[in-house]
Amino acid sequence: MHMNLSHLTRGQEGHEDSSVGHGHVDPPKQVPKVMYEDLGAQPGMQRPPSNTTPNPFNNAFYGAGSGFIRDGLGAYGERILGSGTEYVQSNVSKYFSDPQYYFQVNNQYVKNKLKVILFPFLHRGHWTRIAEQIPGGLTHKPPIYDINAPDLYIPFMAFGTYVVLCGFTIGLLGKFSPEALSIQFSKGLLGWLAQLLLLRLSLYTLGGGEAPILDLVAYGGYAFVGIALSVLARIVWSYSYYVVMPWTCLCMGIFLVKTMKRILFAEARSYGRDSSRHHYLLLFMAVAQFPLFLWLGYTMA
């Protein structure tokens, strides 16, 4: 019996060895997924990699089609932006000229321009602006080379002088205050705006060509030359105001009529059936200078 037990034992060992020799191993037990989910982000532990595969159909810009779509959208965007930029630039240049153009002046130009504004009937030359050829077309010479070109140096200097003289007048009356000076400043800006609207409305009514806004701002600002001179005359001698003010107002009306007629209305003049309307509107523009000069020349104390 002892021999039988030993023989049985050797048989079992041989059976185990033969199992190992043939590569038969019991499959390992799978760890439940809940264990990893419960562990979370524990130190030293790594979450098993996910087997999610990206879906190429969820992204419109995937693969070879993405380059085609991007190129198409890019070309379309450049076309829209290019046309929009060209449109904006053309309209800006049409209504707003280069501001530096209006400050190209010298002492000789300022002297001659003041003579034209204060004594327009003594101006023997022409009133048209001098044009010059450039690669992009025609343009006008700057004020330093053309006495008829508008500038912004004289209007701004005249406006500043007007405000200072008004403040000095208020001080002579013993009623100076920052509020009173600010009122004069605001009134001057409002009068300048009214002059600008008058010129712009005249162009629109007569169907004239589009003039740059800064040109009209310059022409309207020349009125402060006569207004400042009238206020100065009142400071020097009060009665001289009633002589200087009508004179400067009349000269400003003549200056605007000649300027608007021969420069701004150069393309709109027909001298046909609408010529009478042109004359009446130009006359109204000249007459409108009188109430404007009276209102701005009155110092609010």
Side-chain angles (χ1 to χ4, degrees), residues 102-103 105 107-123 143 147 150-200 202 214-260 283-301:
Y102 298 91
F103 292 95
V105 299
N107 294 333
Q108 187 66 27
Y109 167 81
V110 172
K111 292 179 184 179
N112 294 332
K113 193 70 172 186
L114 290 177
K115 291 179 183 179
V116 173
I117 295 173
L118 298 176
F119 304 97
F121 47 85
L122 296 180
H123 182 56
I147 188 61
D151 72 282
L152 289 175
Y153 175 80
I154 293 178
F156 280 140
M157 292 297 103
F159 179 79
T161 304
Y162 161 76
V163 175
V164 172
L165 290 176
C166 288
F168 186 75
T169 303
I170 297 174
L172 292 177
L173 298 176
K175 299 180 180 180
F176 178 80
S177 65
E179 291 78 11
L181 188 61
S182 64
I183 290 176
Q184 289 296 137
F185 180 82
S186 302
K187 188 171 74 168
L189 288 181
L190 187 60
W192 199 343
L193 178 61
Q195 187 84 313
L196 174 62
L197 293 177
L198 176 63
L199 299 178
R200 191 73 183 90
S202 301
L214 294 182
D215 281 12
L216 301 182
V217 171
Y219 292 131
Y222 288 139
F224 288 99
V225 174
I227 298 173
L229 189 60
S230 301
V231 176
L232 178 61
R234 172 180 285 176
I235 294 175
V236 175
W237 187 36
S238 60
Y239 292 102
S240 63
Y241 170 80
Y242 300 100
V243 177
V244 176
M245 193 278 294
W247 173 262
T248 56
C249 184
L250 177 63
C251 292
M252 186 62 194
I254 296 175
F255 172 80
L256 284 180
V257 168
K258 289 183 174 294
T259 301
M260 298 291 286
L283 180 62
F284 170 76
M285 185 188 310
V287 173
Q289 301 304 309
F290 285 91
L292 181 65
F293 271 57
L294 285 174
W295 180 58
L296 293 177
Y298 174 74
T299 303
M300 304 177 66

Problem set entry | Under 3.5 Å: donor-acceptor pair, side chain of Trp192, backbone of Ala223 | no
Problem set entry | Point-to-point distance, once rounded to the nearest 0.5 Å, from OG1 of Thr161 to CD1 of Ile154 | 11.5 Å
For this session: Mind checking the SG-CD1 spacing from Cys166 to Ile183? Nearest 0.5 Å is all I need.
Result: 12.0 Å
Exercise. Out of curiosity, Phe284 CZ to Gln289 CD, how far, rounded to the nearest 0.5 Å?
Worked result: 10.0 Å
For this session: Could you tell me the separation between the CG atom of Leu250 and the CZ atom of Phe293, rounded to the nearest 0.5 Å?
Result: 10.0 Å
Problem set entry | Leu198 side chain near Gln195 side chain, heavy-atom distance below 4.5 Å | yes
Exercise. Of all heavy-atom pairs between Leu152 and Leu214, which one has the smallest distance, and what is that distance?
Worked result: CD2-O, 4.2 Å
Problem set entry | Test item: Tyr102 and Pro150 side chains (from C-beta on) under 4.5 Å apart, heavy atoms | yes
Exercise. Within a strict 4.5 Å, meaning less than it, do heavy atoms of the Leu256 and Tyr222 side chains meet?
Worked result: no
For this session: Give a yes or no answer on whether the side chain of Gln184 reaches the backbone of Ala180 with a donor-acceptor pair at less than 3.5 Å.
Result: no
Exercise. So do the side chains of His123 and Ile147 get within less than 4.5 Å of each other, counting heavy atoms only?
Worked result: yes
Seminar exercise, completed: Val257 and Ala286 have their tightest heavy-atom pair at CG2-CB, 3.9 Å
Exercise. Trp295 versus Lys187: any side-chain heavy-atom pair under 4.5 Å?
Worked result: yes
Seminar exercise, completed: Rounded to the nearest 0.5 Å, the CG atom of Leu232 sits from the OG1 atom of Thr169 at a distance of 9.0 Å
Exercise. At their closest point, which heavy atom of Ala228 faces which heavy atom of Leu165, and how far apart are they?
Worked result: O-CD1, 3.4 Å
Exercise. Under a 4.5 Å cut-off applied to non-hydrogen side-chain atoms, are Tyr162 and Phe185 in contact?
Worked result: no
Problem set entry | Within residues 226-245 or reaching into it, pairs that qualify as side chain to side chain donor-acceptor pair (under 3.5 Å) - sequence neighbours excluded | Ser230-Thr248
For this session: Provide the closest heavy-atom pair for Leu199 versus Leu216 in the form atom of the first, atom of the second, distance.
Result: CD1-O, 3.7 Å
Exercise. Is there a donor-acceptor pair under 3.5 Å between the side chain of Lys115 and the backbone N or O of Leu122?
Worked result: no
Exercise. Does atom CZ of Phe103 have more than 12 heavy-atom neighbours, drawn from other residues, nucleotides or ligands, at distances under 6.0 Å?
Worked result: yes
Exercise. Got a donor-acceptor contact below 3.5 angstrom from the Tyr219 side chain to the Leu196 backbone?
Worked result: no
For this session: Quick one: pull up CZ in Phe290 and CG in Leu292 and give me the separation to the nearest 0.5 Å.
Result: 11.5 Å
Problem set entry | Over all atoms of both residues, closest heavy-atom pair of Pro143 and Val105 | CB-CG1, 4.0 Å
For this session: List the atom of Cys251, the atom of Pro120, and the distance in Å for their closest heavy-atom pair.
Result: O-CG, 3.4 Å
For this session: For the residue pair Phe119 and Ile254, establish whether any side-chain heavy-atom pair is separated by less than 4.5 Å.
Result: no
Problem set entry | Side chains of Ile170 and Leu181 in contact at under 4.5 Å (non-hydrogen atoms) | no
